[in-house]
**Student:** 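My structure is below; once you've seen it, I'll send some questions.
Position 1 is the first residue of the sequence, and the numbers go up from there. These figures come from a predicted structure and were not determined experimentally. We use all heavy atoms of the structure for the numbers below, so side chains are in, but hydrogens, waters and symmetry mates are not.
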Amino acid sequence: MPDRLSQSPAPEDTSWSEGLTRVPYWVFQREDVRKLEQERLFKGEYWNYLGLEWDVPEPGDYFTSFVGETPIIVARDMDRELVAFENRCAHRGALLAFNEAGNTRVFSCVYHGWVHSLRGDLVGVTFKDGVNGRGGMAPSFCMEAHGPRKLRVAVVHGLVFGSFSDHAPPVEEYLGQAIMDRVGRVLAGRKAVVLGRFTQVLPNNWKLYAENTKDSYHASILHLFFTTFKLNRLTQQGGVIVSDTGAHHVSYSLVDRQSKSDTTYSDQKIRSDSKYSLADPSLLESFQEFGDDITLQILTVFPGFVLQQILNSVVVRQILPRGADRTELNWTYLGFDGDTPEQHRIRLKQSNLIGPSGYVSMEDGFVGGLVQRGTSGASTHSAVLEMGGVTADSSDARVTEAAVRGFWKAYRAGTGL
């Protein structure tokens, strides 16, 4: 039987031609599209990143999260099983938990005191039998028949994913071996320690940021810091891995050990090799961590997860829609149990590279807003995605939009647009 969530009606007047090489700007603007995404993507046959398993080590530990716009609780029950369910009281729909994290034995709604277990089951109704034989619920009321929706839960190297759909494939199959291997490269066999976390508000549709994370073409053009300090240039060795469905990707580059001068950027009059220098060059100190020469790896999981490794800066990002033209981006900076004091210091310094005011990525929070504003009157026009071809295939070149096309391949398949 098909998932009932996939049966929601499509928006009207959706003209979208030319496969993966054209993306109509209305897809970033329309409220009916936003609503469709919530049902078919975030509540559809996909796995959504929820948080870190390390944040709930003990029974009763919980944290709150989101699947798209739907608030979620992730908890460790008394049998130590990891569970996830809607952050919604079975009675009138109030939030059950409004702290970001904590430890509890039950979730009691502040509105009318209805009690839910650590698994989300309704286990108590205040004054269920009334007072002095008057009022209360009918004898036929069955608590087991009520409660917030539950999610399937899967853990991948400490990353917690959830799905509302019974038809989503196992998470290992969903990701595919190539993506699983690259997640494992960064996280396998390690216990993460959170160095910091914050939320950034972006003035644009969530899909513009999702595109940006898959866009290996822009990185060394938009981000002057990359080219100035030779952290990422398109002339370096590297590549792009795109999953068969197009949904997930990895882009990576290797350290450039060639000593010869690279004039590729200056020959095209692209801003690079700026006059800027670092007053504290130790910002770029690093240590060998992964047994290879990869200095940058950006990995995405559809619809809204990013795992980033730049030098020794390891960060997970959660992309959450908050309207047709607003996005919340949750950043979590990671170190690892067993890091030496010097490694801890290096990770903290490198955290200055990434984030809304990071030397590398501050431009990403700005440029999505430029696109949202620039296309506001052009809903009948389309973006052009032909760099590197017309397919969504893996490549040993990073001058390509293959992974961006992959996102739209998965998006169109999921939404039916």
**Student:** In plain terms, say whether R80 and E58 are close enough for a salt bridge, that is, a side-chain N and a carboxylate O under 4.0 Å apart.
**Tutor:** yes
**Student:** Do NZ/NE/NH1/NH2 and the carboxylate oxygens of R197 and D55 come within less than 4.0 Å?
**Tutor:** yes
**Student:** Regarding R182 and the six-membered ring of Y252, is the cationic atom NZ or CZ under 6.0 Å from the ring centre and inside 45° of its axis?
**Tutor:** yes
**Student:** How about K150: does its NZ atom have over 12 heavy atoms from other parts shown lying under 6.0 Å from it?
**Tutor:** yes
**Student:** Give me the atom names and distance for the closest heavy-atom approach of H157 to W54.
**Tutor:** O-CH2, 3.3 Å
**Student:** Is NZ or CZ of R347 both nearer than 6.0 Å to the six-membered ring centre of F336 and within 45° of the ring axis?
**Tutor:** no
**Student:** Under 4.0 Å between a side-chain nitrogen and a carboxylate oxygen: does that hold for E53 and K191?
**Tutor:** no
**Student:** Aromatic contact between F107 and Y62, with the criterion being ring centroids under 6.0 Å apart: yes or no?
**Tutor:** yes
**Student:** If you take the centroid of each ring, where Trp contributes its six-membered ring, are Y333 and F198 closer together than 6.0 Å?
**Tutor:** yes
**Student:** If you draw a 6.0 Å radius around CG in D292, do more than 12 non-hydrogen atoms from other residues or ligands fall strictly inside?
**Tutor:** yes
**Student:** For atom CZ of F287, decide whether the heavy atoms of other residues, nucleotides or ligands shown that lie under 6.0 angstrom number more than 12.
**Tutor:** yes
**Student:** Using 30° and 60° as the class boundaries, would you call the ring planes of F302 and F407 parallel, tilted or perpendicular?
**Tutor:** tilted
**Student:** Take a 6.0 Å sphere around CD of E285 and say whether it holds more than 12 heavy atoms from other residues, nucleotides or ligands.
**Tutor:** yes
